[in-house]
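Everything quoted here is computed from the prediction, not taken from an experiment.
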Amino acid sequence: MAQINVTINHQNYTLSCRDGDEERLADLARTVDAKALDLSTRLGQVGEARLLLMVSLLLADEVRELRKDGAAGEQERAAVEILNNANKALEGIAVRLREA
């Protein structure tokens, strides 16, 4: 099991992770740190627990929006497939009409 040190809102933390996940976890910590620093700059000192709660809620909201966009993307892909199938059917009809 690997360990890394991360800094979030000027606080140092030692975290354990699976071997090989160090860079991914460090990158995630940088994302949380950026959100925390941005919020603390805008809101002032609100306490570490409250700040991390607010960061968690902001990140959860971003995940929800991405999932929603992903669902919309699936609907768009399904619509494109339907239109492509309809286009093929119309092309087949046009060929048969020309041959008639």
Side-chain angles (χ1 to χ4, degrees):
M1 176 122 331
Q3 286 193 334
I4 66 166
N5 294 312
V6 298
T7 302
I8 297 176
N9 195 36
H10 309 293
Q11 297 289 325
N12 296 318
Y13 300 92
T14 300
L15 302 173
S16 296
C17 62
R18 288 180 287 181
D19 291 333
D21 282 348
E22 297 91 346
E23 187 55 38
R24 181 171 184 255
L25 186 56
D27 186 49
L28 293 170
R30 284 189 289 274
T31 299
V32 171
D33 185 44
K35 292 269 185 213
L37 292 174
D38 178 56
L39 277 176
S40 65
T41 299
R42 291 189 291 152
L43 302 175
Q45 286 300 322
V46 294
E48 184 179 4
R50 184 169 290 205
L51 178 65
L52 292 178
L53 170 65
M54 294 169 71
V55 168
S56 298
L57 291 172
L58 286 173
L59 291 172
D61 185 52
E62 288 180 16
V63 167
R64 177 179 280 172
E65 290 301 314
L66 288 172
R67 285 181 179 159
K68 193 185 315 178
D69 290 347
E74 286 297 321
Q75 291 172 346
E76 289 173 12
R77 283 188 281 280
V80 166
E81 185 177 342
I82 289 168
L83 290 172
N84 284 336
N85 290 338
N87 186 45
K88 287 177 188 175
L90 289 172
E91 286 174 355
I93 291 169
V95 167
R96 286 194 301 270
L97 286 173
R98 279 187 290 237
E99 293 172 350

Item to check | Min side-chain heavy-atom separation Asn12-Asn5 under 4.5 Å | outcome: no
Next on the checklist: Count I, L, V, M, F, W, Y as connected when their side-chain heavy atoms are under 4.5 Å apart, and connections chain through other members. Are Leu37 and Leu52 then in the same cluster?
Outcome noted: no
Checklist entry - Under the criterion salt bridge (Lys or Arg N to Asp or Glu O under 4.0 Å), which of Arg67, Lys68, Lys35 is the partner of Glu62? => result Lys35
Checklist entry - For Ile4 and Ala26, which heavy atoms make the closest approach, and how far apart are they? => result CD1-N, 3.7 Å
Checklist entry - Partners of Leu28 by side chain to side chain contact (heavy atoms under 4.5 Å, CB included), sequence neighbours excluded? => result Arg24
Checklist entry - Restricting to pairs with a member in residues 38-47, which pass salt bridge (charged side-chain N to carboxylate O under 4.0 Å, His left out), not counting sequence neighbours? => result Asp38-Arg42
Checklist entry - If you round to the nearest 0.5 Å, how far is CD of Gln3 from CG of Leu15? => result 8.5 Å
Next on the checklist: If we ignore hydrogens and angles and just use 3.5 Å, is the side chain of Asp33 paired with the main-chain N or O of Asn9 as donor and acceptor?
Outcome noted: yes
Item to check | Heavy atoms of other groups near Arg30 CZ, more than 12 under 6.0 Å | outcome: yes
Item to check | CA sep, side-chain torsions, deciding dist, call: Leu39, Val46, side-chain contact (heavy atoms from CB on, under 4.5 Å) | outcome: CA-CA 9 Å; Leu39 277 176; Val46 294; over 6 Å; no
Checklist outcome for this item: Residues joined to Leu57 in its hydrophobic cluster, side chain to side chain under 4.5 Å directly or through other members, sorted by chain and number, are Leu53
Item to check | Shortest non-hydrogen separation from Leu25 to Cys17 and the atoms involved | outcome: CD2-CB, 3.7 Å
Next on the checklist: For the CD atom on Glu65, are there more than 12 heavy atoms of other groups (residues, nucleotides or ligands in this structure) within a distance under 6.0 Å?
Outcome noted: yes
Checklist outcome for this item: In short, Ile8 meets Ala36 closest at the heavy-atom pair CG2-CB, 4.2 Å
Item to check | Steps toward side-chain contact (heavy atoms from CB on, under 4.5 Å) verdict (Val63, Leu59) | outcome: CA-CA 6 Å; Val63 167; Leu59 291 172; 5.6 Å; no
